[in-house]
There are 2 protein chains.
Amino acid sequence: MIPPRNADHRRPLTLRDVSEACGVSEMTVSRVLRNREDVSPATREKVLASARALGYVPNKIAGGLASQQVNLVAVIVPSLSNMVFPEVLGGISAALEDSGLQPVFGVTQYSVEKEENVLYEMLSWRPTGVILAGLEHTDAARAMLENAGIPIIEIMDSDGEPIDSVVGISHRGAGRQMAEAIVKAGYRKIGFLGTKMTDDHRARKRLEGLTEGLAEHGIELVDTEFYSGGSALKKGRELTEAILTRNPDLDFLYYSNDMIGAGGLLYCLEKGYDIPGKLGLAGFNGTDFLDGLPMKLATIDACRREIGEKAANIIAGKGYDDGVIGGHRIELTPRLDPGDTIRR
Amino acid sequence: MIPPRNADHRRPLTLRDVSEACGVSEMTVSRVLRNREDVSPATREKVLASARALGYVPNKIAGGLASQQVNLVAVIVPSLSNMVFPEVLGGISAALEDSGLQPVFGVTQYSVEKEENVLYEMLSWRPTGVILAGLEHTDAARAMLENAGIPIIEIMDSDGEPIDSVVGISHRGAGRQMAEAIVKAGYRKIGFLGTKMTDDHRARKRLEGLTEGLAEHGIELVDTEFYSGGSALKKGRELTEAILTRNPDLDFLYYSNDMIGAGGLLYCLEKGYDIPGKLGLAGFNGTDFLDGLPMKLATIDACRREIGEKAANIIAGKGYDDGVIGGHRIELTPRLDPGDTIRR
DNA sequence: GTGAAAGCGCTAACAT
DNA sequence: ATGTTAGCGCTTTCAC
């Protein structure tokens, strides 16, 4: 075993060390390091030189306690392995870039109990605001959010009552929109394939929307097929094979996300199905890294990046010059891209 | 505009509030809330009841300052949109699950300057340890890491000298390993396709390893093709078409990641290339969500999740009962999966 | 433009 | 098992 090189337990540097090194009061050093204007250029240079030379890194724990302000934004999402949420986080990071605020991410694995724990942890850091996915929370989490006294932005989903602000799309609406498109294109025997959605409320709402939308045209879903875990692409193939074997006369398959839709598409192409002629397909999310498949899968864009940006901007107070931080309701309109897999 | 519901600027609750509510000293309340054993069950219940009733959330800023310990682990990665890093983060989160430590993520967008900034931000929160991708940093970042006095784990790449500990694979070795497999399978005219790798040192090292490995058999790369941005699947198609048009006699294409490899594979299948007979293909990462493509692309597993777990375990002190935290060197051996796209 | 004093909310260390 | 005291490293406030 190589001996530890970094196990020195030297006391970290403090303002006092910098102060002594440059012969300026701690207070003035603090001013310089916070880029305040009321310091003479001469002292400023002296201080910065010492700080750099020593390798001083300010202690935000102490700073936060003294100033009662912490420039963190808590961001809580169900998963990172989904490709959906990394894009939301990208939007948030970009929007917060020059705001002086820093996002901190937490993951719930689609469990409201885990969400409650993560939230408790994060609130204990006294963040400037909270962004979290969805409108469904435990009672305790809801209470914490209501009492936090900071902006709370619920994102992704606008089907329900937010605690404070909400930025999202109507997943029920997306389901209905897809139902309209399917019916208008002349498909009649429709199957649904998706995740087991005990805790994925948005997928559930899309299915509900689809069902309602079809019902208005007197159409009922013929069959459904659910999965959990595993490679989505592969699962898409398997589910598709299963549902088409059971119901050879299906003429449309609606997938709860683009990845399983892509798997289904590959399967159907291999089997020689006439797409979109005899069989139509659609997914959800507008996953652009799937561009490059043999055909472009029909999908509805979930506006992931934009949702992240808008939510972050509310907390950063950007673009909302009414000065009001709380109580925003931003419902984005997702665009349906028929791609190559819905006939026209 | 809906009026703000959450804009009340009530003073957040303090230990004192809980203390007064239950008639127990602040100190004892603090003990209860930190789950310390030296409190009688009766007082414990009384305190917990009050804390819950009030909705008290501890202030870790103050706690961290007083105790001089912060249960955060800073994790710094180049990107979240890559699918590689979310898996590493998953491994880290899982390993830290019951350690009382919490990961905090930062993103550098493959820029060492940005890395330096993010690092400065994170170190100012006085984390328990730092996990960051790669061995290449600015001098200033290196100095900060060396002076931080906490465990520093550089991950993903073991080709070089770590500051403290390292957990990764040799990308140069992975390149050589692939070269061996390619030559052994009888391919001779090899092309490389990948990202413009000014700042992606690991991709660069893989290419170097490949070149060296081929050179040992007297083989030179015939051609290379680079891209940046855009849908990787689509780029894979475009690059493949370009390189095969220029060099119709190529018999192997090595891609710097599985996504562009998948795009290339789909392209070649459509064009009717004989794979793996006349043309072999390979990628890198062991991206399992690509299971479900018409053929399984040859690849080398980057051990992403395992790297995350091992790095986190070092900081959590788990599984390293020599009591030493610093100076670990863990080099994992990536497995080559020939899939269906290298002939045997 | 600069400095001195007080205190942010909690916990370590020491009493009891 | 519980309470008291001091102080973590910074910033706010006020004085100069």
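None of the values given here were measured: they were computed from a predicted structure. Residue numbers start from 1 in every chain, and the chains themselves are labelled A, B, ... in the order their sequence lines are given, proteins ahead of strands.
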Can you measure [X] atom [atom1] to [N] atom [atom2] for me and round it to whole angstrom units?
| X | N | atom1 | atom2 | value |
| --- | --- | --- | --- | --- |
| A:Leu15 | C:dG3 | CG | C1' | 14 Å |
| A:Leu33 | D:dT12 | CG | P | 14 Å |
| B:Glu26 | D:dT5 | CD | C1' | 12 Å |
| A:Leu13 | D:dC10 | CG | C1' | 15 Å |
| A:Trp125 | C:dG9 | CH2 | C1' | 13 Å |
| B:Leu65 | D:dT11 | CG | P | 12 Å |
| B:Lys60 | C:dT11 | NZ | C1' | 14 Å |
| A:Ile61 | C:dT11 | CD1 | P | 13 Å |

Quick one: is [N] close enough that its OP1 or OP2 comes under 4.0 Å of any side-chain N or O from [X]?
| X | N | value |
| --- | --- | --- |
| B:Tyr56 | C:dC10 | yes |
| B:Ser67 | D:dC8 | no |
| A:Gln68 | D:dC10 | no |
| B:Thr28 | D:dA1 | no |
| B:Ser25 | D:dT2 | no |
| A:Ser30 | D:dT11 | yes |

What are the two closest non-hydrogen atoms of [X] and [Y], and how far apart are they?
| X | Y | value |
| --- | --- | --- |
| A:Val107 | A:Val118 | O-CG2, 3.7 Å |
| B:Ala311 | B:Ile153 | CB-CG2, 3.8 Å |
| A:Gly91 | A:Glu309 | O-CG, 3.4 Å |

For this session: Please confirm whether any donor atom in the side chain of B:Arg31 sits under 3.5 Å from an acceptor in the base of D:dG3, or the reverse.
Result: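 Such a pair exists between side chain and base.
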Exercise. What nucleic acid atoms does A:Asn59 come within less than 4.0 Å of, heavy atoms only: base, sugar-phosphate, or nothing?
Worked result: sugar-phosphate
Exercise. How is B:Arg34 classified with respect to the nucleic acid when contacts are heavy atoms under 4.0 Å: base, sugar-phosphate, or nothing?
Worked result: sugar-phosphate
Problem set entry | 5′-ward residue of the pair A:Val57/B:Pro41 relative to DNA chain D |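 Counting from the 5' end, the first nearest nucleotide belongs to B:Pro41.
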For this session: Find the distance between OH (B:Tyr110) and OG1 (B:Thr108) and round it off to the nearest 0.5 Å.
Result: 8.0 Å
For this session: Kindly compute the distance separating OG (B:Ser93) from CZ (B:Phe105), expressed to the nearest 0.5 Å.
Result: 4.0 Å
Problem set entry | Nucleotide nearest B:Met27 when distance is taken to its side chain, options C:dA12, C:dG7, D:dA1 | C:dA12
